[in-house]
Amino acid sequence: MQESEMHEEHEALPEVEALLEAMTEELELLFERRELDRERLIPVGIHTGGVWVAQALRERLGLEEPLATLDIGFWRDDFGHKGLPDGGQGSQLPDIENRDLLLVDDVLMSGRTVRAALNELFDYGRPRRVLLACLVELPGRELPVQPDALGANLALAPGKRIKLEGPGNLRLTLVDTGEVTA
């Protein structure tokens, strides 16, 4: 895993292309080491940024299965606090029973999005194996979730978050959360 880098507002964030290249290399090694049949591997992107990253990885890795998508809004454990999501995208999944899945998200922080995605996946069936790939990992893990492939491990100043902009030209931006820090 890569060393964590602190990013302030004035610093440039990593280029998405470089992160995708690193993830592709890491996944290629993982597929070889685990003897995965890439013809049967289903890429699954978590809406919204994870779908964009999953599509880019699908193309780079030459995966044949169509891209599957997850809208985890109803599986989140915080909808009681934030309310139900507006205008969800809906999930598009093929039969996942006993299949290998590559679950992809843009930013991994608390682990709660991945937990919600796993809950939804298992409502659709029992996959043989689920690999996790994330473009960026941030501090703040609340659940024991670890990516199998990672673009970068970053640390941000308090009150800052990362956002992936797309779908065309993917780029990372720094967003002020408005949280006041002592």
With clusters defined by side-chain heavy atoms of hydrophobic residues (ILVMFWY) lying less than 4.5 Å apart, directly or transitively, does L143 cluster with I72?
yes

Distance col, row L102:CG vs L63:CG, nearest 0.5 angstrom, shows 7.0 Å

So V136 and D106, side chain to side chain contact (heavy atoms under 4.5 Å, CB included) or not? Walk me through it.
CA-CA 6 Å; V136 174; D106 54 352; over 6 Å; no

Any donor and acceptor pair, going by atom type alone, linking the side chain of R141 with main-chain N or O of G111 inside 3.5 Å?
no

When you look at L93 and L121, which way does the side chain to side chain contact (heavy atoms under 4.5 Å, CB included) test go after all the steps?
CA-CA 9 Å; L93 286 171; L121 286 172; 4.0 Å; yes

Smallest separation among heavy atoms of L19 and G151, with atom names:
CD2-O, 3.4 Å

For E15, is the CD atom crowded, meaning more than 12 foreign heavy atoms sit under 6.0 Å from it?
no

So, for A155 and P139, which heavy atoms are closest and what is the spacing to 0.1 Å?
CA-CD, 4.1 Å

Side chain of T177, backbone of G159: donor and acceptor closer than 3.5 Å?
yes

As an exercise, state the distance from CG of L70 to OH of Y124, rounded to the nearest 0.5 Å.
7.5 Å

Evaluate the criterion side chain to side chain contact (heavy atoms under 4.5 Å, CB included) for residue pair L57 and V104; output intermediate values, then yes/no.
CA-CA 9 Å; L57 289 173; V104 182; 4.2 Å; yes

The salt bridge (charged side-chain N to carboxylate O under 4.0 Å, His left out) partners of E28 (sequence neighbours excluded) come to R38

Quick one: CD on E17 to CG on N169, what's the gap to the nearest 0.5 Å?
8.0 Å

Just by distance, do the side chain of D100 and the backbone of L41 share a donor-acceptor pair under 3.5 Å?
no

V145 side chain reached by L132 side chain, heavy atoms, under 4.5 Å
yes

Nearest-0.5 Å distance, CD of residue Q146 to CG of residue L108:
7.5 Å

Does I46 reach the side chain of T113, with side-chain heavy atoms less than 4.5 Å apart?
yes

With the 4.5 Å side-chain cut-off for hydrophobic clustering, are L131 and V51 part of the same group?
no

Report yes if some heavy atom in the side chain of L61 is under 4.5 Å from a heavy atom in the side chain of F31; otherwise report no.
yes

Could you check if a side-chain atom of I162 sits within less than 4.5 angstrom of a side-chain atom of L154, using non-hydrogen atoms only?
yes

Would you mind checking if D148 and R129 are paired as a salt bridge, meaning a charged N to carboxylate O distance below 4.0 Å?
no

Heavy-atom closest pair (T69 atom, G90 atom, distance to 0.1 Å) is OG1-O, 4.1 Å

Salt-bridge contact R99-E65 (side-chain N to carboxylate O under 4.0 Å):
yes

Main-chain N/O of G140 paired with S110 side-chain donor or acceptor, under 3.5 Å
no

CD/E120 to CG/L103 distance, rounded to the nearest 0.5 angstrom?
10.0 Å

Set out, in order, the CA-CA distance, both residues' side-chain angles and the distance that settles salt bridge (charged side-chain N to carboxylate O under 4.0 Å, His left out) for E25 and R60, then state yes or no.
CA-CA 10 Å; E25 290 174 16; R60 287 170 179 265; over 6 Å; no

Looking only at atom types and distance, does a side-chain atom of E165 sit under 3.5 Å from a main-chain N or O of L172, one as donor and one as acceptor?
no

Tell me the closest heavy-atom pair linking A133 and M23, and the distance in Å.
CB-CE, 3.8 Å

Please report the shortest heavy-atom distance between E137 and P147, naming the atom on each side.
OE2-CD, 3.9 Å

Under-4.0 Å salt bridge between E142 and R112:
yes

If two hydrophobic side chains count as joined below 4.5 Å and joins carry through other members, does L67 share a cluster with I42?
no

Any side-chain heavy-atom pair of R34 and L30 under 4.5 Å
yes

More than 12 heavy atoms of other residues, nucleotides or ligands under 6.0 Å from CG of D37: is that the case?
yes

Over all heavy atoms of both residues, which pair between V53 and L20 is shortest? Give the atoms and the distance, please.
CG1-CD2, 3.9 Å

